[in-house]
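Quick note: residue numbers are just sequence positions, from 1.
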Amino acid sequence: KPIHSYFLTYEAYHQSIEPIYFWALNQLKDIGFAWIEKILDIYAATQQSAFYGGAAQRLSFYPKSKILVLAPTKPLAEQHLNSFKKYIGLPESKFALFTGAVSPAERAELWDEAQIIIGTPQGIENDVLGDKISIENVSLLVFDEAHHATGDYSYCFMAKQYMKKARFPRILGLTASPGADMEKVKEVCANLFIERVEARTLEDRDVVPYVKEIKTEWVEVELTEVMKEVKRILSDCAASKLTEIKKLGYINSIRATKRDLLQLQAQLYSLISQGDKSVPLLRSLSLLAESIKAQHALELIETQGVPQLFKYMEKLQSEGRSAKSKAAQNIVSDKNFMQAFALTKLIHDKGVIHPKLQKLAEIVESEVKGNDAVKIIIFTQYRDSGTEIVKKIMQIKDVKAELFVGQAKRGETGLSQKKQKEMLDSFRSDSFNVLVCTSVGEEGLDIPSVDLVLFNEPIPSAIRHIQRRGRTGRQ
């Protein structure tokens with residue numbers, strides 16, 4: 001242990017750290033510590049140096065310890081691995097990447113050898129549960145995209161286990177979007193045992209040089225008359241279900257958002273779990289499920305388009321015929337729903353599309369015209385919409401577009417994590433100029449020079465809005 005420990009703060013901007021280092025060293029010698037030859041730890045207080053400098057500091061304090069960095073996706077974990085190799089001077093064998101693609105036996109072997117381990121949380125959580133690895137000697141645990149630390153997400157479990165088992169624990173959480181309100185921020189801090197929050201805004205002096213002006217523009221598009229009619233019928237369908245629930249005494253108003261309906265559903269299930277299985281309650285729960293399905297159909301016609309709505313309605317028809325869902329059986333026999341379905345099928349067969357798809361294509365065409373270096377990201381909620389967008393904009397001269405989605409879901413195609421990485425690498429190297437993303441692209445895309453980000457629909461999540469918006473204005 002050192003005889004004395006000194007903590008020195010020096011505030012400066014746009015300055016290399018080397019002059020500060022030697023200034024501090026000379027100052028210490030001038031006040032009587034002539035025998036000092038080097039300073040153990042010194043680094044700048046930026047997010048990057050908190051990340052890499054923090055890791056270097058902990059390794060200097062505890063040379064035989066390990067650093068564990070968790071990230072929600074494999075592409076993001078791989079980015080961190082490459083950055084750590086760049087900034088931390090350790091042999092290649094001291095770094096390891098833990099993802100689902102690495103077998104548990106191989107992870108256990110890598111864990112013993114490596115000193116900096118970076119990976120996705122679910123596999124490491126399983127390794128800890130199965131005692132395949134020990135986190136006792138981890139001196140720093142980093143949670144990237146720390147806002148995920150809510151509910152039963154693996155970050156919460158890992159933080160609890162780490163604080164129980166680590167000999168010298170230190171947790172660092174990093175996020176650009178900690179939560180929509182103070183309660184959410186407090187929840188994240190509590191789940192990760194965060195004692196101090198260091199925050200930066202766009203106006204802070206050490207942030208301003210790296211933030212470019214972002215112009216935000218809302219583009220309003222009006223539905224076609226026939227789409228408005230489908231919307232009206234679906235609204236009547238949803239309202240009729242809520243009217244019945246109101247008569248049964250479980251709501252006071254039929255004016256409710258989708259979030260309101262989901263909260264009511266949770267409340268009704270809670271009453272059932274407490275033993276209330278009365279006919280009015282069970283009837284209200286069934287009606288509520290029907291209303292939620294009608295609300296979802298309404299959202300599709302408003303924000304996505306006719307093909308997406310038609311596919312969803314066909315799915316409900318199939319579920320109703322197979323008796324898999326009582327709510328589906330009831331809603332497909334509802335007169336309003338049947339009328340909406342018939343009209344939707346008619347305009348679907350005529351090839352009617354959402355007018356905003358044409359508007360989006362016009363914006364993309366205007367952006368790429370005369371600018372072959374432009375890069376655009378388009379975010380959309382659903383894969384079906386992403387496919388429609390790519391198909392539409394690929395008709396534009398000088399546009400090369402790819403659809404970036406998550407891994408394969410049941411009955412759908414997808415991209416493996418290897419293919420995701422290859423696609424991002426191709427986008428960085430200008431092999432194509434428009435990346436159409438579902439939510440998988442909202443976090444961790446290391447693409448610094450995107451000129452335009454288009455939201456195909458507004459999203460209710462403040463965190464997702466910030467993550468989407470953060471894909472531009474970086475250079």
Checklist entry - Are the side chains of Ile378 and Val364 in touch, meaning some heavy atoms are under 4.5 Å apart? => result yes
Next on the checklist: Quick check: closest heavy atoms across Phe168 and Asn137, and the distance to 0.1 Å?
Outcome noted: CE1-O, 4.0 Å
Checklist outcome for this item: Of all heavy-atom pairs linking Thr150 and Asn191, the shortest is CA-ND2, 3.8 Å
Checklist entry - Does the pair Asp181/Lys184 count as a salt bridge with the N-to-O cut at 4.0 Å? => result no
Item to check | SB check Lys311 Glu314 (cutoff 4.0 Å) | outcome: no
Checklist entry - Between Asn252 and Lys246, which heavy-atom pair has the shortest distance, and what is it? => result O-CE, 3.2 Å
Checklist entry - Less than 4.5 Å apart, any side-chain heavy atom of Leu242 and any of Ile245? => result yes
Next on the checklist: Can you tell me which residue among Val138, Leu68, Val128 is in a side chain to side chain contact (heavy atoms under 4.5 Å, CB included) with Tyr162?
Outcome noted: Val138
Next on the checklist: Within this structure, what is the CD1-CG distance for the pair Ile67 and Leu59, rounded to the nearest 0.5 Å?
Outcome noted: 4.0 Å
Checklist entry - Can you tell me how far the CD atom of Gln308 sits from the CD1 atom of Ile301, to the nearest 0.5 Å? => result 9.0 Å
Checklist entry - Considering only heavy atoms from C-beta outward, does the side chain of Glu402 approach that of Phe427 to under 4.5 Å? => result no
Checklist entry - Minimum heavy-atom separation for Arg107 to Phe98, with atom names? => result O-CZ, 3.0 Å
Checklist entry - How about Asp384 and Thr387: does a side-chain donor come under 3.5 Å of a side-chain acceptor? => result no
Item to check | Arg232 and Glu229: CA distance, side-chain angles, deciding distance, salt bridge (charged side-chain N to carboxylate O under 4.0 Å, His left out) verdict | outcome: CA-CA 5 Å; Arg232 184 193 65 76; Glu229 181 62 12; 2.7 Å; yes
Checklist outcome for this item: Test side chain to side chain contact (heavy atoms under 4.5 Å, CB included), reference Leu70, set Leu76, Ile117, Leu141, Ile118, output is Leu141
Next on the checklist: Return the OH to CZ distance between Tyr62 and Arg167, rounded to the nearest 0.5 Å.
Outcome noted: 9.5 Å
Next on the checklist: Would Thr303 and Glu457 count as a side-chain hydrogen bond (donor to acceptor under 3.5 Å, both in side chains) here? Give the steps.
Outcome noted: CA-CA 6 Å; Thr303 69; Glu457 63 277 303; 5.2 Å; no
Checklist entry - Does Ser273 use its side chain to pair, donor to acceptor, with the backbone of Ser270 at less than 3.5 Å? => result yes
Item to check | Heavy-atom side-chain contact between Tyr153 and Glu125 under 4.5 Å | outcome: no
Checklist entry - Picking from Val332, Leu234, Ile331, what satisfies side chain to side chain contact (heavy atoms under 4.5 Å, CB included) with Met313? => result Leu234
Checklist outcome for this item: Taking every heavy atom of Gln295 against every heavy atom of Ala238, the minimum-distance pair comes out as CG-CB, 4.3 Å
Next on the checklist: When you compare the side chain of Val188 with that of Ile194, does any pair of heavy atoms fall below 4.5 Å?
Outcome noted: no
Checklist entry - What is the minimum heavy-atom distance between Ile377 and Cys437, and which atoms define it? => result CG2-SG, 4.1 Å
Item to check | Glu222 with Lys228: basic N within carboxylate O range, under 4.0 Å | outcome: yes
Checklist outcome for this item: Distance col, row Ile389:CD1 vs Gln304:CD, nearest 0.5 angstrom, shows 8.0 Å
Item to check | Spatial distance of atom OH (Tyr155) from atom CD1 (Ile171) [nearest 0.5 Å] | outcome: 12.0 Å
